[in-house]
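Below is one structure, written out as structure tokens; the observations come after it.
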Protein chains: 2
Amino acid sequence: MRPLFHPAIEDLRPEAILYALSDPERAAIFAQIAGVGSSGTCSALACLGERIIPKSSLSQHFKVLREAGLIRSERHGVVMSNHSRCSEIDKRFPGLILAILTAYGRLPVERNETLETQ
Amino acid sequence: MRPLFHPAIEDLRPEAILYALSDPERAAIFAQIAGVGSSGTCSALACLGERIIPKSSLSQHFKVLREAGLIRSERHGVVMSNHSRCSEIDKRFPGLILAILTAYGRLPVERNETLETQ
DNA sequence: TCAATAGTTCTGAATTTCTGAACTACGGAA
DNA sequence: TTCCGTAGTTCAGAAATTCAGAACTATTGA
């Protein structure tokens with residue numbers, strides 16, 4: 001298994017972020033991770049929506065999110081922990097993640113700790 | 001030629017907007033239209049970047065932008081005029097377009113007339 | 001009526017996405 | 001140690017999407 005690639009903050013490209021979040025399943029996964037803060041294993045996120053996401057697809061989704069710079073994944077023993085890189089991204093692209101999650105209706109009304117409201 | 005489809009504002013879906021703007025060529029076209037305000041013919045936008053976009057591809061790009069609700073196209077004689085639906089979209093998804101165009105580095109520093117800075 | 005211009009649709013090749021099956025990595029039990 | 005179970009990755013082929021040249025349509029002006 002090759003080591004997980006995480007782009008540096010200065011290498012983030014807006015097209016990759018938009019592409020990653022243009023899939024509602026991926027957006028739901030990311031919203032969950034960003035909402036809960038440091039969050040869950042891949043398998044815990046397998047049935048957020050109306051279907052059970054096959055694990056190979058799920059793995060691909062995480063790869064896309066990771067390589068867009070949206071999340072950071074690290075292995076802890078047998079499970080993978082994923083957390084969002086919202087605050088880093090917000091420095092580079094102010095307001096972007098907040099606007100996207102809001103558009104998806106994924107942000108709670110009360111202030112979210114992992115996102116600066118600018 | 002079938003009539004051009006423009007979604008109603010309440011039918012706009014964030015995934016379609018993100019997808020449409022996740023292509024740098026389409027984003028450049030949209031930025032140009034949104035920046036200039038009411039803007040140009042398709043062919044006038046054919047060589048914004050490093051290559052000349054084939055006209056069939058260009059036509060597809062416009063269709064994607066149109067069906068995502070980002071632009072409104074109308075035929076005036078032999079040419080097509082396209083203008084952005086930024087202000088409508090901004091009511092539905094506040095800050096989204098501004099954040100995306102800013103991330104792409106496409107917004108002038110001075111205030112843009114077609115976008116509300118909220 | 002004809003030619004020119006601007007854009008759309010068609011079509012097949014190339015690319016991408018999806019997902020079941022096989023595989024790898026790690027931890028714990030025996 | 002070895003074996004087993006869990007968690008996730010990679011492979012591979014089918015399905016879907018994208019790309020762009022060629023053919024087509026619509027409109028204007030001569």
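Any value given below was found using the heavy atoms of this structure, including those in side chains, with hydrogens, waters and symmetry copies removed.
The existence of a salt bridge linking A:R72 and A:E88 is confirmed by a sub-4.0 Å separation between a basic side-chain nitrogen and an acidic carboxylate oxygen. Salt bridge annotation for A:R92-A:E10: absent, with no cationic side-chain nitrogen under 4.0 angstrom from a carboxylate oxygen.
A:V79 comes within 4.0 angstrom of sugar-phosphate atoms only, judged by non-hydrogen atoms across all strands, and of no base.
As rounded to whole Å, 16 Å separates atom C1' of D:dT28 from atom CE of B:M80. Atom P of nucleotide C:dG7 and atom CZ of B:F62 are separated by 8 Å, given to the nearest angstrom. Remark: P of C:dT24 and CZ of A:R75 are 13 Å apart, rounded to the nearest angstrom. In this entry the distance linking NE2 of A:H76 with C1' of C:dG28 reads 19 Å, nearest Å. Atom NZ in A:K63 sits roughly 12 Å away from atom P in C:dT16 (whole-Å rounding). The interatomic distance linking A:L4 (CG) with D:dT10 (P) rounds to 8 Å, in whole Å.
Between the side chain of B:S59 and the backbone N or O of B:K55, no donor-acceptor pair lies under 3.5 Å.
Side-chain contact between A:F5 and A:R66 is absent, with no heavy atoms from C-beta onward closer than 4.5 Å.
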Close N or O pairs between protein and nucleotides 18-21 of chain C (under 3.5 Å):
unit_1: C:dT19; atom_1: OP1; unit_2: A:R51; atom_2: NH1; d: 3.2
unit_1: C:dT19; atom_1: OP2; unit_2: A:R51; atom_2: NH1; d: 3.4
unit_1: C:dT19; atom_1: OP2; unit_2: A:R51; atom_2: NH2; d: 3.3
unit_1: C:dT19; atom_1: OP2; unit_2: A:S57; atom_2: OG; d: 3.0
unit_1: C:dG20; atom_1: N7; unit_2: A:S56; atom_2: OG; d: 3.0
unit_1: C:dG20; atom_1: O6; unit_2: A:S56; atom_2: OG; d: 3.2

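For the side-chain contact (heavy atoms from CB on, under 4.5 Å) criterion with A:N82, the lone passing option out of A:I29, A:L65, A:I71 is A:I71.
Looking at which nucleotide of DNA chain C each of B:R66 and A:G77 is closest to, the 5′-most match is held by B:R66.
Annotation for A:A103 and B:P14: closest pair O-CG, 3.5 Å, computed over non-hydrogen atoms.
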